[in-house]
Amino acid sequence: MNGPPPSSFPAFDVSKSDRTDALTVVGLTVTYRMRGRDREVLQDVSFRVRRGEAYGLVGESGCGKSTVAMAALRYLPRNGKVKAGKIVIAGADVNKLGADALRTMRANTISMVYQDPGRALNPSLTIARQVSEAFEAAGLAPDEALRRSREMLQRVRIASPERVMNSYPHQLSGGMQQRVVIAMALASNPALLILDEPTTGLDATVEAEVLDLVAQLRAELGTAVLFISHNLAVIGRMCERVGVLYAGKLVEEGATQDVFTRPRHPYTVGLLRCLPTAGRSKDTERLDTIAGGLPSPGSVTQGCIYAERCRLADDRCRREAPPPYRVSAAHGDQMSRCHYHERAIELPRASAEALPARGGTGDGEKPRTLVLRAETLSKTFHVSGTALRAVDNVSLDLAAGETLGLVGESGSGKTTLAKLMLGLLTPDAGSVLELDGAPLAARVTRRNDEQVKSLQIVFQNPDSALNRAHSVKRLIGRALSRLAALRGAAIDERLTTLTAAVRLPERYLGSRTRQLSGGLKQRVAIARAFAGEPRVVVCDEPTSALDVSVQAAILNLLADLQRERGVSYVFISHDLHVVRYLSDRIAVLYLGRLLEIGPAAAVFDGPQHPYTEALLSSVPTLDGHAGKARIRLSGDLPSAASPPSGCVFHTRCPRKLGAICEQQDPPFLDAGSGAEHAAHRIRCHIPANELRALQAASRDDASQVSSDEPAGSAKKIGRDS
């Protein structure tokens with residue numbers, strides 16, 4: 001079925017949409033003036049967000065998602081303009097509004113929450129002043145605005161609104177800052193709330209709390225939501241309908257369940273296959289990737305804009321631009337701009353080759369050769385005369401060719417632990433570090449050259465680690481020049497080998513990092529880390545800021561380099577799907593304490609420490625948390641300056657036993673259920689078998705919850721649940 005020509009498919013009845021929709025976008029084309037030319041960054045985009053509906057907009061960075069939001073707010077930069085099309089918000093044509101009417105609309109009808117709440121808040125003003133300003137802009141007197149501010153902060157689940165109101169932004173956690181920004185955005189009870197990557201920098205539990213909050217407030221207030229994100233699982237959880245943008249064009253649209261279950265555009269299929277979803281592992285399959293990159297704005301003049309990256313494309317695709325084919329799906333109409341939309345689901349994989357056999361830690365018959373060992377590792381900071389124990393008595397080891405995933409909420413000590421291993425921080429007395437069985441000096445400045453080369457790091461943000469003034473060749477070459485055995489031609493030869501290993505095309509060697517995409521910058525950072533043939537590489541959130549397509553390529557690269565070179569990784573991430581895919585073992589940290597450690601499959605399959613159980617329940621899935629109830633942890637992470645007595649997790653634990661948890665530090669219990677899980681240990685007073693039974697019962701209860709339960713529902717569980 002190819003469908004009628006595009007002229008037979010008006011996007012919708014505009015006159016009707018103006019009255020019934022919170023947002024109507026019809027034929028929107030936006031240009032940016034660049035180097036003396038107008039370049040189209042959005043082309044003929046049409047969609048609607050109905051009143052009370054949540055609509056997701058997804059696509060890679062540079063596809064135009066944020067430009068849609070800026071056009072709706074009439075906040076385009078000076079070099080941007082709406083070339084054609086119409087934007088209607090709650091019945092008002094945005095582009096026809098005068099200055100006063102536009103200010104009124106921004107104050108009362110539409111609000112926006114940005115990715116980084118820290119940049120949206122004024123660091124010199126208290127929270128009370130900033131939130132009350134939002135109410136004053138809606139016409140309230142100052143005293144009434146302050147009263148309503150307190151009520152709104154309570155509404156967004158801030159337990160101590162008076163304390164928060166007297167605080168400055170820097171005194172609040174990232175999750176608390178985001179709640180404040182949401183409170184400000186909802187002050188005017190807007191008809192439309194735009195969320196632009198609101199949870200990207202948050203850990204799993206805080207992300208889940210923010211998403212629960214948005215879902216609850218949306219249900220209470222009837223606010224429509226335009227949710228912009230590259231996290232498809234978040235969109236799957238939060239949105240009824242989704243639109244997929246590619247290079248400024250809407251290439252697919254429909255009910256979220258239909259689009260994610262049976263995508264009809266090769267680009268959507270590619271994005272979904274890039275995800276490291278449950279059950280996938282580096283040892284069983286490579287993540288699929290999308291070859292190439294986005295075309296530059298305005299460069300495609302005929303044919304399908306996705307043809308150069310599509311594995312279904314033929315001459316027809318390069319010659320004829322596909323119309324918006326529409327088909328009936330299970331939950332409504334589904335649109336796809338693809339000539340072969342019926343075959344999109346059959347898209348050939350980019351990497352269908354079988355994975356090479358992997359030895360080392362994956363083979364139970366081979367002994368584990370330890371590379372790095374930490375024993376009773378602790379770190380105490382002294383802040384204003386107060387001792388703050390950031391890492392508390394942690395013992396773990398790392399084998400050759402193994403990946404150890406470090407997980408936990410922000411503030412749990414993951415990065416501090418990594419810095420102790422690297423020698424960037426000095427541990428407390430009594431801490432032991434060993435490399436290949438030999439003592440490892442606490443500070444990097446006291447380590448010999450071989451030890452320094454053996455431990456390297458890849459940071460979350462390559463921009464902060466790479467000098468923008470230097471070329472790629474110089475950045476990697478400087479790292480190679482520190483190797484005593486390499487000189488002149490040998491450096492050039494090694495450089496060629498290294499860039500080929502990280503799949504960095506030779507044409508980029510002369511480029512400055514500012515000219516590279518995020519994925520290419522991260523490849524440069526990885527190449528530099530591997531220049532000295534390291535034994536251990538610490539990866540601190542190396543993919544959290546990347547699109548899913550780039551993330552898949554980087555994860556494949558890390559797995560390939562590990563197979564080829566036998567390097568070990570310490571992998572830190574908030575994305576537990578990513579951790580599960582790449583890790584052989586997982587260590588769970590809470591308030592600087594190690595609460596659980598074991599093989600990845602054992603930790604994810606259970607039994608789990610109650611904290612791990614809560615973390616895993618918070619991870620959104622493409623099917624919107626089907627069959628899994630979210631466990632909401634009470635309160636915030638305690639201060640490391642005054643940790644709770646007994647079990648450090650007892651103040652928030654949903655399975656707390658009683659006085660024993662408050663008074664006695666629990667021992668490490670063996671949670672192994674067979675030889676392959678023998679090294680699985682949990683620090684908890686509840687026996688592993690009882691934990692397994694309780695958690696199985698909770699999963700059974702969750703599977704019986706009706707599919708129409710409101711989004712954001714959570715469960716407080718106890719031993720009798």
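Nothing fancy with the numbering, it's 1 onward along the sequence.
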Under a 4.5 Å cut-off applied to non-hydrogen side-chain atoms, are [X] and [Y] in contact?
X: L217; Y: R155; result: yes
X: L420; Y: V391; result: yes
X: R630; Y: E209; result: yes

[X] and [Y]: side chain donor to acceptor below 3.5 Å:
X: T380; Y: D428; answer: yes
X: S378; Y: R389; answer: yes
X: Q664; Y: H685; answer: no
X: H680; Y: E596; answer: yes

_Can you tell me which residue among L404, L370, D584, T403 is in a side chain to side chain contact (heavy atoms under 4.5 Å, CB included) with L398?_
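Exactly one candidate clears the test, L404.
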*For Y581 and E285, work out which heavy atoms get closest and say how close.*
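Shortest heavy-atom separation between Y581 and E285 comes out as OH-O, 2.8 Å.
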*Taking the six-membered ring for Trp, is the centroid-to-centroid distance between Y590 and H609 below 6.0 Å?*
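Distance test on ring centres: not under 6.0 Å, no.
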_Under a 3.5 Å distance rule, please check whether Q608 uses its side chain to pair with a backbone N or O of V603 as donor and acceptor._
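Checked: pair present.
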*asked:* Please evaluate residues R349 and T289 with respect to the criterion side chain to side chain donor-acceptor pair (under 3.5 Å), reporting the C-alpha separation (whole Å), side-chain torsions for both, the decisive distance (0.1 Å), and the verdict.
replied: CA-CA 8 Å; R349 290 182 59 87; T289 56; over 6 Å; no
